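Have a look at the structure below, then the notes.
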Amino acid sequence: MIPTFKNPGVALSFGTTYTSKNGIIIIANIKDLGVIRWSKSSYTSNFDNMLNPAIIPEYNNPDAPPLTPKQQDQKIKNQITDIVKNNAVNKSFYTLINAKADFLISKTYSFYTPSIIASKNLFYNRGDVAIVNKFHYSDFSISAIPIYNFNNLFLFGMQGMYQTPNFEFFIGSDNLLKTTRTAYAAIKTDSSPKSGYNGASFYMGLGIKFGYTVEHPQNSSYIPGLDDQDSSFFKRIFSIFSKKR
């Protein structure tokens, strides 16, 4: 798709970080606080209870046979579609961007770093609170993350990471229990959930940085022009896996 300026918008993000003398880190920020103006060619519909698709009679004619479950489902779909199509109009309007307020407090104790993270939508009743329990050894770390969602959902996630100053790789899931059950059911070719719903989620990421570690000039461990050594192209490429100089 070619980007255009038909639906312009503006958003503002800002934040702050504070580190105390005893090592407590506090981060707070506001993300994507703004508005979008949609053009006159945009569609809008009124869903103000003009029809109630939840109340669908099994048949219109008392003498006709009852509708099958499949026919009832199709009738509900058709009536919901009519609500959208029959009342859609073209006009310009404004919508708020889904802004969020985030807060984090953390402190490192030897190999263990606990963090409390809260994220709340500013204009909608959604948000999450998570306790990140990170255990690290050398360049490896693993995190256990219980999560409470404001929709009264309790989740449990885990993440593993390998990280050096110039390279990092991580993989994890924010709903480990449901993901494990779904994967087990897929292996056993049984897709019916024992309780609740079927669902799975995982994420992964890879980051590569080229060049020396970014440092403040007053604390730099490397000064250009001093102790420079010639090296091959491939040596410089694979140096991203090396530890900080």
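Just the heavy atoms: all of them, side chains too, but no hydrogens, waters or symmetry mates, feed the values below. Just so it is clear, the structure is predicted and the values come from calculations on it, not from any experiment.
Under the 4.5 Å side-chain heavy-atom criterion for Ile, Leu, Val, Met, Phe, Trp and Tyr, Phe170 and Val132 are members of distinct hydrophobic clusters. Two different hydrophobic clusters hold Ile105 and Ile131 under the rule that ILVMFWY side chains link at heavy-atom gaps under 4.5 Å. Cluster membership for Met204 and Leu176, using ILVMFWY side-chain heavy atoms within less than 4.5 angstrom, is not shared. Put simply, Leu122 and Tyr124 are part of the same group of oily side chains (I, L, V, M, F, W, Y) that touch within less than 4.5 Å, one to the next. Residues Ile25 and Ile145 share a single hydrophobic cluster, defined by chaining ILVMFWY side chains whose heavy atoms lie under 4.5 Å apart.
Between Ile208 and Phe167, the shortest heavy-atom distance links the atoms CG1-CD1, 3.8 Å. In this structure, Arg126 and Lys120 approach most closely via the heavy-atom pair O-CD, 3.3 Å. Of all the heavy atoms in Ile30 and Leu33, the pair that sits closest is CG2-CB, 4.1 Å.
When only modelled atom types and interatomic distance are considered, Asn98 and Asn121 share a side-chain donor-acceptor pair under 3.5 Å. Asp174 and Ser201 share a side-chain donor-acceptor pair at under 3.5 Å. Checking Ser119 against Asp102 by side-chain atom types alone, a donor-acceptor pair falls below 3.5 Å.
Proximity of a side-chain donor or acceptor of Ser42 to a complementary backbone N or O of Ser39 within less than 3.5 Å is detected. For the pair Ser13 (side chain) and Asp32 (backbone), a donor-acceptor distance under 3.5 Å is present. Ser138 places no side-chain N or O within 3.5 Å of a backbone atom of Phe140 that could act as its donor or acceptor partner.
Note: Ser141 OG to Phe135 CZ = 11.0 Å, rounded to the nearest 0.5 Å. A distance of 5.0 Å separates CD1 of Ile36 from OG1 of Thr95, quoted to the nearest 0.5 Å. Remark: Ile24 CD1 to Thr108 OG1 distance equals 11.0 Å, nearest 0.5 Å. Between the NZ atom of Lys107 and the OG atom of Ser20 there is a distance of 7.0 Å, given to the nearest 0.5 Å. From Phe93, atom CZ reaches atom CG of Asn7 across 8.0 Å, with rounding to the nearest 0.5 Å. Taking CG of Leu206 as the reference point, atom CD1 of Ile171 lies at 11.5 Å (rounded to 0.5 Å).
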N/O donor to acceptor pairs below 3.5 angstrom from side-chain atoms of residues 146-160, sequence neighbours left out:
unit_1: Tyr148; atom_1: OH; unit_2: Asn152; atom_2: OD1; d: 2.9
unit_1: Asn149; atom_1: OD1; unit_2: Asn151; atom_2: N; d: 2.8
unit_1: Asn149; atom_1: OD1; unit_2: Asn151; atom_2: ND2; d: 3.3
unit_1: Asn149; atom_1: ND2; unit_2: Asp128; atom_2: OD1; d: 2.8
unit_1: Gln159; atom_1: OE1; unit_2: Tyr203; atom_2: OH; d: 3.1

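Looking only at side-chain heavy atoms (C-beta outward), Ile26 and Phe103 come within less than 4.5 Å of each other. At least one side-chain heavy atom of Leu104 sits less than 4.5 Å from a side-chain heavy atom of Ser106. For the pair Pro165 and Lys209, the minimum side-chain heavy-atom distance is 4.5 Å or more. Side chains of Lys91 and Trp38 form no contact here, defined as non-hydrogen atoms less than 4.5 Å apart. Side-chain atoms of Ser110 and Tyr112, non-hydrogen and from C-beta on, never get closer than 4.5 Å to each other.
Within 6.0 Å of CD1 on Ile116 lie no more than 12 heavy atoms contributed by other residues, nucleotides or ligands. The number of heavy-atom neighbours closer than 6.0 Å to NZ of Lys134, taken from other residues, nucleotides and ligands shown, is 12 or below. Within a 6.0 Å sphere centred on CZ of Phe202, other residues, nucleotides and ligands contribute 12 heavy atoms or fewer.
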